[in-house]
Enquirer: 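Here you go, one structure.
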Amino acid sequence: MKCKKCGETAAINMRQHKLALCAEHYLEWLPQQTQRFIEKYHMFGPEDRILVAVSGGKDSLSLWDVLLRLGYRADGLYIGLGIDGGVDYSHQSYEKVKQFVAERSGQHPDMHLRAVDVGQVYGATVPEAAQISNRGHGKPCSVCGLIKRHIMNRVAYDGGYDVLATGHNLDDEVAVLMQNTLHWQAGYLARQAPVLEASRPGLARKAKPFCRFYERETAAYALLRGIDYIYDECPYAEGSNTIYYKGLLNQLEADRPGAKLQFYLGFLEAKASGLFDRVQEEVELNACEKCGQPTSAPGECAFCRLWERIAAYKAEGRPVRSLPVYAKSL
Ligand code: AMP
Ligand code: FES
Ligand code: ZN
Ligand code: ZN
């Protein structure tokens, strides 16, 4: 297979675009496409301050790298979840993020990494909080999502950033889309988009500049660009719905190249034509009495209630343990 631009040996073949590229041209193509998506979906402009949520994985580190290469003012946010899972997951991922910053800070003296360690700041790690919480049926993912969303929003909003960017790729978006469609979650479908506006005070604007790239494309970018990232998935993710749907969608894609992209772009077109407008019922949001972040619950938000429950649990002198990884199969 030859590169379509220069005829050299191709490093990647993208069947859905009928496009094969060598390493050099691929490393040019992906940032150009990213810039195209940023403009098409009105994500942000050259003057905006961007906070990139970086997990240490291929998507978010590649995103930060691309935004810096495109000349954006982009800082990073790493959230230390305190997940060990036998592979020292959180520690390893933080090391990858720090290494990424160390390699670039000479060339980009303005870039900053903000780090929030959940265990240190709030007094329990994510697996500990999950063990005490009544959310998530023995898996920490729901508590983890709640905590990450709150911290990302708080750091972006309080830090005065114009937008919070996450590394969600097409496979992530399509897996969520498929779940929401199978369950006809019209409200979720109405809200799934490349950009979420900051619809009220306290909410940060959110963007997903990689939402049209396949996972293998972001992985190829990271590899060809020499970005060292954490290969392991979160040890709690095994057996999750998302992984199940990603598997199904990959089977579909293998038989019908481009099916995932078509499904997603068709959905965005349907949305743009107003298909979900009637569903866009405004959820009543109030400011949480404790932290001030918007919440649909009366009084305190789910995040504050979680930590109150943990404080009460600890006050009774009960032991705080980490949720074991094998809890997923119980
Ligand atoms: P995930 O929910 O793990 O698929 O991650 C989706 C996106 O959330 C990633 O691409 C990152 O932008 C962000 N993210 C996930 N975990 C973290 C973390 N520990 N710290 C900061 N950002 C994260
Ligand atoms: Fe949050 Fe796995 S990353 S539970
Ligand atoms: Zn080439
Ligand atoms: Zn709150």
Side-chain angles (χ1 to χ4, degrees), residues 51-55 60 75-83 89-90 93-94 114-161 163-168 172 176 185 187-188 191-192 196-208 234 236-237 240-242 282-316 318 320-323 327:
L51 183 67
V52 189
V54 280
S55 62
S60 48
D75 286 348
L77 165 65
Y78 172 79
I79 303 171
L81 307 167
I83 294 174
Y89 177 74
S90 287
S93 46
Y94 191 28
R114 292 164 179 263
V116 176
D117 187 279
V118 175
Q120 275 177 20
V121 175
Y122 297 98
T125 63
V126 163
E128 288 168 353
Q131 184 251 329
I132 299 168
S133 151
N134 57 352
R135 296 171 71 103
H137 312 290
K139 280 175 74 90
C141 307
S142 154
V143 167
C144 180
L146 173 72
I147 291 175
K148 282 195 292 203
R149 278 194 303 277
H150 179 98
I151 294 176
M152 285 180 196
N153 192 61
R154 182 177 61 74
V155 177
Y157 190 80
D158 292 353
Y161 289 94
V163 64
L164 171 84
T166 54
H168 291 95
D172 298 326
V176 171
Q185 303 263 29
Y188 289 161
R191 277 190 303 259
Q192 188 179 352
L196 286 179
E197 295 299 336
S199 52
R200 56 163 293 142
L203 269 187
R205 181 184 164 82
K206 301 190 180 83
K208 302 173 208 168
C234 165
Y236 293 107
S240 71
N241 282 339
T242 310
E282 278 301 308
V283 191
E284 265 299 305
L285 290 180
N286 336 293
C288 164
E289 286 170 3
K290 195 160 180 200
C291 72
Q293 276 201 24
T295 172
S296 54
E300 289 182 9
C301 72
F303 179 86
C304 291
R305 279 185 281 127
L306 169 72
W307 290 106
E308 268 168 22
R309 186 185 176 101
I310 294 168
Y313 182 98
K314 283 181 169 174
E316 287 171 20
R318 293 161 72 183
V320 180
R321 292 196 196 89
S322 208
L323 197 69

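What you see is a predicted model, and the numbers here were worked out from it, not measured in a lab. Numbering of residues begins at 1 and proceeds along the displayed sequence.
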Enquirer: Only counting residues at least two apart or in another chain, list the ones meeting side-chain hydrogen bond (donor to acceptor under 3.5 Å, both in side chains) with Ser60.
Expert: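 Result, side-chain hydrogen bond (donor to acceptor under 3.5 Å, both in side chains) vs Ser60: Ser55.
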Enquirer: Which residues satisfy the side-chain hydrogen bond (donor to acceptor under 3.5 Å, both in side chains) test with Lys314, sequence neighbours excluded?
Expert: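 None.
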Enquirer: Less than 4.5 Å apart, side chain to side chain, heavy atoms only: is that true for Thr295 and Leu285?
Expert: no
Enquirer: Using the rule given for side-chain contact (heavy atoms from CB on, under 4.5 Å), can you reason through Met152 versus Ile79, listing the C-alpha separation, both sets of side-chain angles and the distance that settles it, and then say yes or no?
Expert: CA-CA 8 Å; Met152 285 180 196; Ile79 303 171; 3.8 Å; yes
Enquirer: Can you name the salt bridge (Lys or Arg N to Asp or Glu O under 4.0 Å) partners of Glu308, sequence neighbours left out?
Expert: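 Expected list: Lys290.
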Enquirer: Okay, side chain of Ser133, backbone of Ala130: is any donor-acceptor separation there less than 3.5 Å?
Expert: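 Not confirmed, Ser133 side chain does not pair with Ala130 backbone.
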Enquirer: When you compare the side chain of Leu164 with that of Arg205, does any pair of heavy atoms fall below 4.5 Å?
Expert: no
Enquirer: Output, in order, the C-alpha distance, side-chain angles, deciding distance and verdict of side-chain contact (heavy atoms from CB on, under 4.5 Å) for Ile310 and Glu128.
Expert: CA-CA 9 Å; Ile310 294 168; Glu128 288 168 353; over 6 Å; no
Enquirer: Identify the heavy atoms of Val121 and Val116 that sit nearest to each other, and give their distance.
Expert: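 Nearest pair, atom of Val121 first, then Val116: CG2-CG1, 4.1 Å.
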Enquirer: Scan for salt bridge (Lys or Arg N to Asp or Glu O under 4.0 Å) pairs involving residues 141-160, sequence neighbours excluded, and state none if there are none.
Expert: none
Enquirer: Taking side-chain hydrogen bond (donor to acceptor under 3.5 Å, both in side chains) as the test, write out the residues that go with Ser90, two or more places apart.
Expert: none
Enquirer: Can you tell me how far CD1 of Ile83 sits from OG of Ser322, rounded to the nearest 0.5 angstrom?
Expert: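 Atom-to-atom, Ser322:OG and Ile83:CD1 are 8.5 Å apart.
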Enquirer: For Asn153 and Gly202, work out which heavy atoms get closest and say how close.
Expert: ND2-O, 2.8 Å
Enquirer: How would you list, by chain and number, every residue that makes a side chain to side chain contact (heavy atoms under 4.5 Å, CB included) with Arg321, sequence neighbours excluded?
Expert: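 Expected list: Gln131, Pro319.
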Enquirer: Kindly write out the residues that satisfy side chain to side chain contact (heavy atoms under 4.5 Å, CB included) with Val176, not counting sequence neighbours, or none if the list is empty.
Expert: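 Val176 satisfies side chain to side chain contact (heavy atoms under 4.5 Å, CB included) with Asn180, Gln192 only.
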Enquirer: Please enumerate all residues that pass side chain to side chain contact (heavy atoms under 4.5 Å, CB included) together with Gln120, with sequence neighbours excluded.
Expert: Asp117
Enquirer: Mind checking side chain to side chain contact (heavy atoms under 4.5 Å, CB included) for Glu316 and listing every partner two or more places apart, or none if nothing turns up?
Expert: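 Here the qualifying residues are Arg318.
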Enquirer: Name the atoms and distances for all side-chain donor-acceptor pairs under 3.5 Å in residues 296-307, with sequence neighbours left out.
Expert:
from, atom 1, to, atom 2, distance (Å)
Arg305, NE, Glu300, O, 3.2

Enquirer: Is there side-chain contact between Val126 and Ile147, with at least one heavy-atom pair below 4.5 Å?
Expert: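 Val126 reaches Ile147 side chain to side chain.
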Enquirer: Give the minimum heavy-atom separation between Pro127 and Leu81, together with the two atoms involved.
Expert: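 That closest heavy-atom pairing would be CD-O, 3.6 Å.
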Enquirer: Minimum heavy-atom separation for Tyr94 to Ala115, with atom names?
Expert: OH-CB, 3.5 Å
Enquirer: Check the surroundings of atom OH in Tyr313: do more than 12 heavy atoms from other residues, nucleotides or ligands lie under 6.0 Å from it?
Expert: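 For Tyr313, atom OH is crowded (more than 12 foreign heavy atoms under 6.0 Å).
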Enquirer: Find out whether Val52 and Leu77 are in side-chain contact, i.e. whether some heavy atom of one side chain is under 4.5 Å from a heavy atom of the other.
Expert: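 Heavy-atom side-chain distance check fails, nothing below 4.5 Å.
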Enquirer: Below 4.5 Å, heavy atoms only, C-beta onward: do Asn134 and Arg309 meet side chain to side chain?
Expert: yes
Enquirer: Run the side-chain contact (heavy atoms from CB on, under 4.5 Å) check on Tyr157 and Leu51 step by step: do they pass?
Expert: CA-CA 10 Å; Tyr157 190 80; Leu51 183 67; over 6 Å; no
Enquirer: Which atom pair, heavy atoms only, marks the closest approach of Val163 to Ala207?
Expert: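 Result for this residue pair: CG2-CB, 3.8 Å.
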Enquirer: Which residues satisfy the side-chain hydrogen bond (donor to acceptor under 3.5 Å, both in side chains) test with Thr242, sequence neighbours excluded?
Expert: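 Result, side-chain hydrogen bond (donor to acceptor under 3.5 Å, both in side chains) vs Thr242: none returned.
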Enquirer: Residues two or more places apart in sequence or in another chain: which of them pass ring pair (Phe, Tyr, Trp, His ring centres under 6.0 Å) with Tyr161?
Expert: none
Enquirer: Evaluate the criterion side-chain contact (heavy atoms from CB on, under 4.5 Å) for residue pair Val118 and Ile151; output intermediate values, then yes/no.
Expert: CA-CA 9 Å; Val118 175; Ile151 294 176; 3.9 Å; yes
Enquirer: Tell me the closest heavy-atom pair linking Ser142 and Arg135, and the distance in Å.
Expert: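 Heavy-atom minimum between the residues: OG-NE, 3.3 Å.
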